[in-house]
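Every chain is numbered from 1 and lettered A, B, ... according to where its sequence line falls, protein lines coming before strand lines. What you see is a predicted model; the values in this text were computed from it and never measured.
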Protein chains: 2
Amino acid sequence: MHTKETQNVMQVLNDYRCEGCRETQQQNGHNKEVRNVSDDDDADVCTFKPIGLIKTAFNEKRAVPRQASLATALLSRIDISPKTFNNPGHSLEGLNNFSHLWIIYYFHRNPNHAKAKVAPPRLGGERVGVFSTRSPHRPCPIGLSLVQLDRVEDSKVYFLGTDMVDGTPVLDIKPYIPQYDVPVNLKEAEFLNSREAPDGEETSLLDRNPATSKVQPMPNVAVPNWVLNSSSLNVIFNANAESQLQELQIEKVRIVAMNSIVDVLKADPRSVYLRTKYGSQIYTFQLGDHTVTCKFDDQNTTVTVLQVRDVINFEEGVGECSYSNE
Amino acid sequence: MHTKETQNVMQVLNDYRCEGCRETQQQNGHNKEVRNVSDDDDADVCTFKPIGLIKTAFNEKRAVPRQASLATALLSRIDISPKTFNNPGHSLEGLNNFSHLWIIYYFHRNPNHAKAKVAPPRLGGERVGVFSTRSPHRPCPIGLSLVQLDRVEDSKVYFLGTDMVDGTPVLDIKPYIPQYDVPVNLKEAEFLNSREAPDGEETSLLDRNPATSKVQPMPNVAVPNWVLNSSSLNVIFNANAESQLQELQIEKVRIVAMNSIVDVLKADPRSVYLRTKYGSQIYTFQLGDHTVTCKFDDQNTTVTVLQVRDVINFEEGVGECSYSNE
């Protein structure tokens, strides 16, 4: 019984080991027997301990924007885990000198999906290779979002632009650096390469971009048409929803709440299935402290917000990082 | 003995489980006892099975460019593992409609480094928070590189722009989409939000960017000065190196090899330690099939290539994806 259990556990453990860990472990001289359970090198995996969690207004996957840039009114935050570093705040030192960040995170609500082709909403049901899409259903369920830094406070990073569900584990934060992250026009780069600098002169592509410059390397970028064939809906608040929003006492909160609802709806959060099967229908979703009910009118590419109700939160802490600007 | 072993292995196994896996496993009803070994939720980890490996000209970490955009002459490739999908090629369908890709990969030569502050080369020894840098030494050793797609062949992706060591495990490939991956000028976005579209008209930020457009959302981006304080070196080939390069029979290969060497050297591949401790010194590195020897002249910010020798490869397959354009 014990032997069988041990073998079983060791098999799973071995499947979880990545090459680096195996080497380290072998050097350390223990658990050598684990290596012998399976010789299948392709079973190697990488393991990462998340550095923290994301707090957002989206308690459910429903209506989470498909890209962070589609919801720039939404303020969210990353809490660096106190287990990551003795002084988590130290790891964020200097981050406030950047305006934008990459967040690399784990699609923890979509784990271990591995189909070679997926049907992105904008392709209307047609399937393409998963690596040609930004679908969250991918063999390594890793998300990549560009967000705008709002502020850093101790071990917390507040950012604008949200396409993550509340509680998403964060794997990494990297500063956005346009010199690395915008495709350089190759012709321009080649021209600069071919120019010989006089002795002692430091030349660089980067020299032309002072820190505050708005001029970036001009990309020469191609994307397929289906990526661009995204229409945005016209969002209308009816009288009832308007008056419910008016009940929010602080004007700033009211504006942010309204903008957040517009952000979510204008990009059409419905799946292809919902849109084609039910057409113009009532749709309800949660956004932080509120439940929003709306009706799509697909003929007029319009969505009307009918109701904005308070949600009573039973779980402690839920909604503490809503879309309010505090 | 068995009990102790089992407990030990289960402890490690439990440390490796991420929340998603635990839930899945609990639903499956086996290995329930694993959960009870430790109640430390912060020990949760995410596990990913790499989708393939990157073949590059860099057999060693030495002289690997710090960013993919610094080495656009280097042709490398991703081999999607046959274990990822039954038909790996299917997962790449449609990818050739994009000009650029994100590669998300595992820094397998820098695993499990977790210091809150690091000293990036350009800061000359000063330390900043690790999340304010692109250092490969980070708590989750995950790399993110923007590369230019060269072509897709079956289950292989050829790309230009290389900052990975040969054999790097790939976690994900995502298409580069400027509408998501370039910070939108928020003022512009707000203006478009505030404009009400007439009924039936589809408006979108994206509409203004047809597939072949070179006009992108104008970023309003800030980065600290140290990121921009990167000088590039003047690269000279001496007569010996010139004649050695001339021995490469195919002109195209010769040009690519030369450009690759220039790419690597002009960005100064040396560490702060090497540069400050030894100053103007001889430096040797491998680039695919060649061993390159050069000498830095720091006073004149110049580096002279002295020798380009052939490497005899003992390992099968090494160098098969060199910087040649084939």
Side-chain angles (χ1 to χ4, degrees), chain A residues 2 6 9 13 16 20 42 45-49 51 67 69 83-85 90-95 97-100 106 108 111 116-117 128-132 139-140 142 171-173 175 177-178 180 183-184 197 199-200 202 204 206 211 216 221-225 228 230-232 234 300-301, chain B residues 2 6 9 13 16 20 42 45-49 51 67 69 83-85 90-95 97-100 106 108 111 116-117 128-132 139-140 142 171-173 175 177-178 180 183-184 197 199-200 202 204 206 211 219 221-225 228 230-232 234 300-301:
Chain A
H2 260 133
T6 308
V9 172
L13 185 62
Y16 274 15
D42 291 287
V45 300
C46 303
T47 63
F48 300 107
K49 195 167 173 176
I51 60 165
Q67 290 297 328
S69 59
K83 295 290 174 76
T84 305
F85 298 112
H90 287 188
S91 66
L92 301 172
E93 233 181 71
L95 196 63
N97 291 319
F98 294 89
S99 60
H100 293 78
Y106 175 45
H108 67 307
K117 292 195 191 179
V128 290
V130 64
F131 298 128
S132 310
C140 294
I142 294 176
L171 298 171
D172 204 3
I173 301 168
I177 301 177
Y180 304 158
V184 176
D199 276 0
E202 298 190 354
S204 166
L206 311 183
Q216 301 304 329
V221 175
V223 297
N225 278 318
L228 304 175
S230 166
S231 61
S232 84
N234 189 22
N300 294 310
T301 59
Chain B
H2 259 134
T6 308
V9 171
L13 184 62
Y16 274 16
D42 292 285
V45 300
C46 303
T47 62
F48 300 107
K49 194 167 172 176
I51 60 164
Q67 290 297 328
S69 59
K83 296 290 174 77
T84 305
F85 298 112
H90 286 189
S91 66
L92 302 172
E93 233 181 71
L95 196 63
N97 291 320
F98 294 89
S99 59
H100 293 78
Y106 175 45
H108 67 308
K117 291 194 191 179
V128 289
V130 64
F131 297 128
S132 310
C140 294
I142 295 176
L171 298 171
D172 203 3
I173 301 168
I177 301 176
Y180 304 158
V184 175
D199 277 359
E202 298 189 353
S204 165
L206 310 182
V221 176
V223 297
N225 278 317
L228 304 175
S230 167
S231 62
S232 84
N234 189 22
N300 295 310
T301 59

Could you tell me which non-hydrogen atom of Lys117(A) sits nearest to which non-hydrogen atom of His90(B), and how far apart they are?
-> CG-O, 3.9 Å

For the residue pair His100(B) and Pro183(A), what are the closest heavy atoms and their distance?
-> NE2-CB, 3.2 Å

For Phe48(B) and Val45(A), run side chain to side chain contact (heavy atoms under 4.5 Å, CB included): C-alpha distance rounded to whole Å, both residues' side-chain angles, the deciding distance at 0.1 Å, then the answer.
-> CA-CA 5 Å; Phe48(B) 300 107; Val45(A) 300; over 6 Å; no

Between Ser132(B) and Gly94(A), the two heavy atoms sitting closest are OG-C, 3.3 Å

Between Leu95(B) and Phe131(A), what is the shortest heavy-atom contact and its length?
-> CD1-O, 3.3 Å

Least distance between heavy atoms, Cys46(B) atom then Leu171(A) atom = SG-CD2, 4.2 Å

Identify which one of Thr84(A), Ile173(A), Thr47(A), Ile51(A) satisfies the side-chain contact (heavy atoms from CB on, under 4.5 Å) criterion when paired with Cys140(B).
-> Ile51(A)

Heavy atoms only: give me the nearest Ala116(B)-Phe85(A) pair and the separation to one decimal.
-> N-CE2, 3.4 Å

